[in-house]
Amino acid sequence: MARAGFSDIEYSDEQRRLTTLAAYNILDTEREYAFDKITKIAAHLFNVPVALVTFVDDRRQWFKAAIGTTATEVPKDIAFCAFTVASGRPLIVLDALNDSRFQDNPMVVGAPGIRFNVSVPLRAPDGTTPGTICIVDTVPREEFADHEIELLNDLADVVMAELTLKQALSEKQAALLERDLAQTMLDEALDFSEVAIWRLNVDTGTLAWRGAAEAVWGDEVALSTTLDQAFARIHPEDRERVARDMEAGRTAPIGYRSEFRIILADGRERWLAGRGNYEIGSTGEIMTGVNYDITLRKEQEQYRELLMQEVGHRMGNLFANIHAIISLTRSSATSVVDYVRRVEDRIGALNRAQNMLFASDVANCSLAILLNDIQAVHPQIRWSGDDIDLPETAVVALSLIFNELSTNAVKYGALATEQGSISILSKVSGEIDDARSVELVWKEMGGRPVTAEPTRTGFGTQLIDVSIRDTLEGEITRDWAQDGMTCVLRFSCQLPLTHR
């Protein structure tokens, strides 16, 4: 009886697939150098303990080559690769315990405890899938990138090339040419990959390279015929750690593992991953391994770390502003309803400022974005002049300032009547490489007539003054003319200048 999760597998033209598999005459044959080499490369390349080249008949998944397991086959009705041969497409299982197809599989809930499994089909010339190449780990992963699938597909192509060649040659010819031809084909395939393969004679310190060595290490790698020469290319801060990792790889179950920087001829740095294993050869102790470029991954990790630091910093500032608003508004509110309305209004201004920052960049946003937001809320407001990028503190401060100014204008000034209007003029001056002076002129017109300067200073006015003086280290002036108030804000900014 088929297991739950496997009963819905539909095999397309299964008889034709089995006929193609039988024609290769590969089942139950002895281990061979080319296939063993491919599994070893796959294990190093994807940092997994188990790698397999398998073929699937009507009852079992048989292992032609395997590294990391002594098993030679598993029943077809529990084989992960049954899905791959049925669909002819790659299978990616990042965590088997969270996959309904495999979570009760005996190889998941029992030994060997599979959690991560990726397999790609071996595609025969007639379009059928006689088997797979797969990698397995007991630790789940969060992702398996498209370029990694491409690399695994490249290795599958090498397997099929070797298999097709064996089928075309006589048994005698295959026995004579097997090792040399397989190695040649493998070298040619690796020359087009993104993996550098190296072989170190530990006793003599000499290095031999294959694959994409020059692309990964830079053109100078052709001159690195010794371990010392290769180490000279490694960043000085990483050399001692790499040496320790290589020594630890002698006894570690997973062999040599390291990540390090190299310095290219033009002075740029590049991150590489190193994987390898020790073995005893005819010429002494040998270490075989791979290198591949992980610079993009490292840059993404650094960006995520900086992003989280910035978000944490921004949230701290946000909560500090909210606390201040709640505390200070309480002392100026005339009632509970007035208190709630004022708090909601000011926190709404903070929220808009944060949304503008996240929508533009984690570090800054432009003055134009902020003023366009004010215009969207109050269509009677119009602005013109220079634009400039603003740091986070300036965005939050100006958002609160304009919110208080517009709130006062709605109550007492130009926005209290339909005929009223407000103009905002922005002027930026100064050299590009120095701090620029910013002047913002808020001018109200056509509102209620102004009879005199207010005698009472409320929290809103205090918030404006504190924001411009303490946060922006600037100054503010107000002029209560008969036709409306004019407010001038002046402060300095060190970010790049742009023009509207």
Exercise for review: Could you grab the distance from atom CD1 of Ile133 to atom CG of Asp154, nearest 0.5 Å is fine?
Suggested key: 10.5 Å
Practice item. Decide whether Thr226 and Asp228 meet the rule of one side-chain donor and one side-chain acceptor closer than 3.5 Å. Key: no
**Study point:** Separation of Met287 CE from Glu279 CD (nearest 0.5 Å)
**Key:** 10.5 Å
**Study point:** Closest non-hydrogen atom pair between Arg241 and Ser258, with its separation
**Key:** NH1-OG, 3.7 Å
Check your understanding: Can you name the one residue among Arg233, Arg261, Arg244 that meets salt bridge (charged side-chain N to carboxylate O under 4.0 Å, His left out) with Asp238?
Key -> Arg261
**Study point:** Close aromatic pair by centroid cut-off 6.0 Å: Phe63 and Phe35
**Key:** no
Review point. Does Lys64 pair with Glu73 as a salt bridge, N-O distance under 4.0 Å?
Key: no
Check your understanding: Roughly how far, to the nearest 0.5 Å, is OG1 of Thr84 from CG of Leu91?
Key -> 4.5 Å
Practice item. Taking the side chain as every heavy atom from C-beta outward, state whether Ile78 and Asn105 have any atom pair closer than 4.5 Å. Key: yes
Study note, to complete from the structure: Those residues at least two apart in sequence (or on a different chain) that pass side-chain hydrogen bond (donor to acceptor under 3.5 Å, both in side chains) with Gln103 are none
Check your understanding: Which residues pass the side-chain hydrogen bond (donor to acceptor under 3.5 Å, both in side chains) test with Asp99, sequence neighbours left out?
Key -> Arg101
Practice item. Scan for side chain to side chain donor-acceptor pair (under 3.5 Å) pairs involving residues 136-149, sequence neighbours excluded, and state none if there are none. Key: none
Check your understanding: What's the spacing between Asp389 CG and Asp387 CG if we round to 0.5 Å?
Key -> 7.0 Å
Practice item. Take the angle between the ring planes of Phe260 and Trp217 and call it parallel below 30°, perpendicular above 60°, tilted in between. Key: tilted
Check your understanding: Which of these passes side-chain contact (heavy atoms from CB on, under 4.5 Å) with Trp271: His235, Glu299, Lys298, Arg297?
Key -> Lys298
Check your understanding: Under 6.0 Å from the six-membered ring centre of Tyr278 and within 45° of its axis: does the NZ or CZ of Arg250 meet both?
Key -> yes
Exercise for review: With sequence neighbours left out, write down each residue that passes side-chain hydrogen bond (donor to acceptor under 3.5 Å, both in side chains) with Trp62, or none if nothing qualifies.
Suggested key: none
What pairs of donor and acceptor atoms, side-chain ones from residues 41-56 against any protein atom, are under 3.5 angstrom apart with sequence neighbours left out?
unit_1: Asn47; atom_1: OD1; unit_2: Arg257; atom_2: NE; d: 2.6
unit_1: Thr54; atom_1: OG1; unit_2: Gln61; atom_2: NE2; d: 3.1
unit_1: Thr54; atom_1: OG1; unit_2: Thr132; atom_2: OG1; d: 2.8

Point to revise | All side-chain hydrogen bond (donor to acceptor under 3.5 Å, both in side chains) counterparts of Arg59, not counting sequence neighbours | key: none
Check your understanding: Take atom CZ in Arg16; do more than 12 heavy atoms of anything else shown fall under 6.0 Å from it?
Key -> yes
Practice item. Using atom types as modelled and distance alone, determine if a side-chain donor or acceptor of Arg17 lies under 3.5 Å from a backbone N or O of Thr129. Key: yes
Exercise for review: Can you measure from CG (Leu94) to CG (Leu97) and round to the nearest 0.5 angstrom?
Suggested key: 12.5 Å
